[in-house]
Amino acid sequence: MSAIPADIDTARQPPMTIPLRHFVVALGFLAAAVGLRVGLAVGVAPGAARLAHVHLLVAGWVCVTIMGAMTQFVPVWSGVDLYSRRLATVQLWAVGVGLVGLAGCFLLGAFALLPVFGAVALLGFWTFAYNIARTLSRLDGFDVTERHFGLAIGALVVVTALGFLLAVDFTRPLFAGVGATHGTVRATHVTLAVFGVVVTTVVGALYQLATMFTQTKLRGVDVWLRRGEEVGYPLGVVALAGGRLVSDPTLARVGGALVALSLLGIAAILARRLVESSVDWTPMLTRYAVAAVALAGWAVLTLPAWLAAPLAGDRLFGAPGTDSLFLLGFVGFVVLGTLYHVVPFIVWVHRYSDRLGLEPVPMLDDLYSTRLARLDFGLVGSGVVAVIAHDLAGLSSAAETAGWTLVLIGIAVFAANLLRVIWLHSPQSLVGGAAASAVDADDGAD
């Protein structure tokens with residue numbers, strides 16, 4: 001059974017409507033992204049569907065999930081009030097509208113409207129960045145997780161600015177006179193988005209989550225690996241992105257090596273925490289185990305590929321054919337596993353924490369269906385294996401289509417399980433409570 005850790009301050013968290021609505025919107029983006037990928041596999045997706053898929057998956061699902069998680073857990077972990085609850089609501093509307101518009105423009109070929117929706121998304125992401133930055137600024141010092149979150153926020157500001165410039169460049173060339181091209185700026189944008197924003201956030205969270213929920217501590221080689229990652233990984237991301245921007249293979253090669261080696265160390269830390277854990281395995285830890293294996297495999301394949309040709313167009317996410325291994329196998333399973341704790345945690349604290357000791361209350365793991373959790377794990381896992389096998393071993397397109405279809409069905413089961421938690425234990429968090437949230441949304445700023 002999961003319990004509430006004793007060293008976090010749940011009194012600091014925002015109203016549950018804020019993070020839960022982020023997670024529900026993010027699940028919608030995930031379903032759309034995977035559904036679109038099925039359409040690509042069978043050849044029926046319109047327009048620039050691959051661009052729409054990537055933006056819905058990375059910016060829509062992963063980044064909106066990160067927005068909800070940081071809004072919830074930076075106050076909880078760091079023991080400070082969120083700077084502004086009102087801004088946390090505004091950010092979701094702006095990012096949601098902007099990303100839906102961007103995806104629609106890609107699918108319909110309406111590139112002239114890309115700057116409009118890009119500006120809306122930019123406003124939303126920068127609102128989020130400002131809110132979290134002001135919240136973190138209240139701390140006297142940063143721990144390892146907070147340092148990673150601060151770096152990720154900085155990268156987000158740069159990434160979204162580059163994204164807006166790329167949107168404008170679709171209709172009005174911007175880069176010809178500055179020594180860059182649309183392709184090099186796009187490569188930099190992708191590199192900073194995936195490795196600067198998403199992976200930096202994931203790694204920072206894992207330092208907390210992998211120790212907290214395995215009830216272990218970093219020790220021995222873990223400490224040395226963490227110290228190396230804290231220096232080597234940020235420098236590697238900057239060097240890899242900068243090398244791709246200015247088309248310098250040596251700089252990109254050094255950066256790629258630092259990134260791959262640092263993430264191999266993270267895979268080792270995560271695996272060691274799981275092996276040393278004596279707690280019962282939960283859906284969260286099961287998915288973390290998959291993520292550790294996937295990350296190690298990606299790093300082993302990617303290091304020689306980036307050393308050989310770090311500027312190659314088919315190596316933006318790693319070695320050729322490892323995009324799914326990295327984005328689904330590592331990032332995807334970390335996010336899915338984390339949500340299996342985060343959503344029940346938020347609901348439990350608001351619904352049952354004040355009843356503890358006064359009457360029987362369920363534990364976190366009692367809120368969701370373990371049967372559905374096993375089912376979605378089998379479906380998503382089987383689908384990801386099929387997709388990776390297609391990408392790496394060159395299996396038939398039928399295997400790819402079947403794989404993405406299994407992932408889509410598994411995601412539907414996963415979403416149903418978490419929405420069931422909300423519906424059964426706190427339905428007002430989504431269909432009601434708007435007035436309460438507005439009353440409670442006074443800014444923390446003076």
Gap between atom CG of Leu408 and atom CG of Leu379 - 0.5 Å precision: 10.5 Å
Heavy-atom closest contact (Ala299 atom, Leu264 atom, distance): CB-CB, 3.9 Å
Any donor and acceptor pair, going by atom type alone, linking the side chain of Thr145 with main-chain N or O of Ala205 inside 3.5 Å? no
What I want to find out is whether Asp169 reaches Arg186 closely enough, with some N-O distance under 4.0 Å, to be called a salt bridge. no
Could you go through Thr181 and Phe175, starting from their C-alpha distance and side-chain angles, then the distance that decides it, and tell me whether this counts as side-chain contact (heavy atoms from CB on, under 4.5 Å)? CA-CA 5 Å; Thr181 67; Phe175 307 122; 5.7 Å; no
Could you please spell out the steps behind the side-chain contact (heavy atoms from CB on, under 4.5 Å) verdict for Phe213 and Thr282? CA-CA 9 Å; Phe213 295 106; Thr282 63; over 6 Å; no
How close do Gly124 and Gln91 get, counting heavy atoms only, and between which atoms? O-CB, 3.6 Å
For the backbone of Arg134 and the side chain of Ser137, can you confirm whether one donor and one acceptor N or O come within less than 3.5 Å of each other? yes
Nearest 0.5 Å, please: how far is CZ in Phe317 from CG in Leu325? 13.0 Å
Is it true that a side-chain atom of His55 and a backbone atom of Leu51 form a donor plus acceptor pair closer than 3.5 Å? yes
Closest non-hydrogen atom pair between Leu20 and Ile422, with its separation: CD2-CD1, 4.2 Å
Short question: side chain of Arg272, backbone of Ala268 - any donor-acceptor pair under 3.5 Å? no
For Trp306 and Arg253, the nearest pair of non-hydrogen atoms, with its separation, is O-CG, 4.0 Å
For the OG1 atom of Thr405 and the CZ atom of Arg37, what is their distance to the nearest 0.5 Å? 11.0 Å
Is the gap between the ring centers of Phe73 and Phe345 under 6.0 Å? yes
According to the interplanar angle, ranging from 0 to 90°, do the rings of Tyr83 and Tyr130 count as parallel (below 30°), tilted (30 to 60°) or perpendicular (above 60°)? perpendicular
Glu229 versus His148, side-chain donor and acceptor atoms under 3.5 Å: yes
Keeping the roles fixed (side chain from Thr200, backbone from Phe195), state whether a donor-acceptor pair exists under 3.5 Å. yes
Identify, with sequence neighbours excluded, every residue that meets side chain to side chain donor-acceptor pair (under 3.5 Å) alongside Ser247. none
Distance, nearest 0.5 Å, that separates CD1 of Ile18 from OG1 of Thr89: 4.5 Å
Residues Val100, Phe117; criterion side-chain contact (heavy atoms from CB on, under 4.5 Å); working and verdict: CA-CA 8 Å; Val100 169; Phe117 290 106; over 6 Å; no
Taken to the nearest 0.5 Å, the spacing of Thr171 OG1 from Phe111 CZ works out to 10.5 Å
Ser78 side chain to Pro75 backbone, donor-acceptor under 3.5 Å: no
Does the Ser277 side chain pair with the main chain of Thr214, one donor and one acceptor, at a distance under 3.5 Å? yes
Using ring centroids (six-membered ring only for Trp), state whether Trp404 and His53 fall under 6.0 Å. yes
With a 3.5 Å cut-off and sequence neighbours excluded, list the donor-acceptor pairs that the side chains of residues 328-338 form with protein atoms.
| from | atom 1 | to | atom 2 | distance (Å) |
| --- | --- | --- | --- | --- |
| Thr338 | OG1 | Tyr288 | OH | 2.6 |
| Thr338 | OG1 | Val334 | O | 2.7 |

Has Thr211 got a side-chain atom pairing as donor or acceptor with Gln208's backbone, closer than 3.5 angstrom? yes
Roughly how far, to the nearest 0.5 Å, is OG1 of Thr286 from CZ of Phe377? 6.0 Å
So Val279 and Leu285, side-chain contact (heavy atoms from CB on, under 4.5 Å) or not? Walk me through it. CA-CA 10 Å; Val279 302; Leu285 298 185; 3.9 Å; yes
Correct closest heavy-atom pair for Pro320 and Ala305 would be CD-CB, 4.2 Å
Under a 3.5 Å distance rule, please check whether Arg244 uses its side chain to pair with a backbone N or O of Pro310 as donor and acceptor. yes
Between Trp298 and Thr302, is any side-chain donor less than 3.5 angstrom from a side-chain acceptor? yes
Closest contact, heavy atoms only, Ala161 versus Leu122: N-CD1, 3.8 Å
Sequence neighbours excluded, the answer for side chain to side chain donor-acceptor pair (under 3.5 Å) partners of Arg273 is Thr216, Asp222, Glu276
Can you tell me if Asn417 and Tyr340 form a side-chain donor-acceptor pair at under 3.5 Å? yes
More than 12 non-hydrogen atoms from neighbouring residues, nucleotides or ligands closer than 6.0 Å to CH2 on Trp281, yes or no? yes
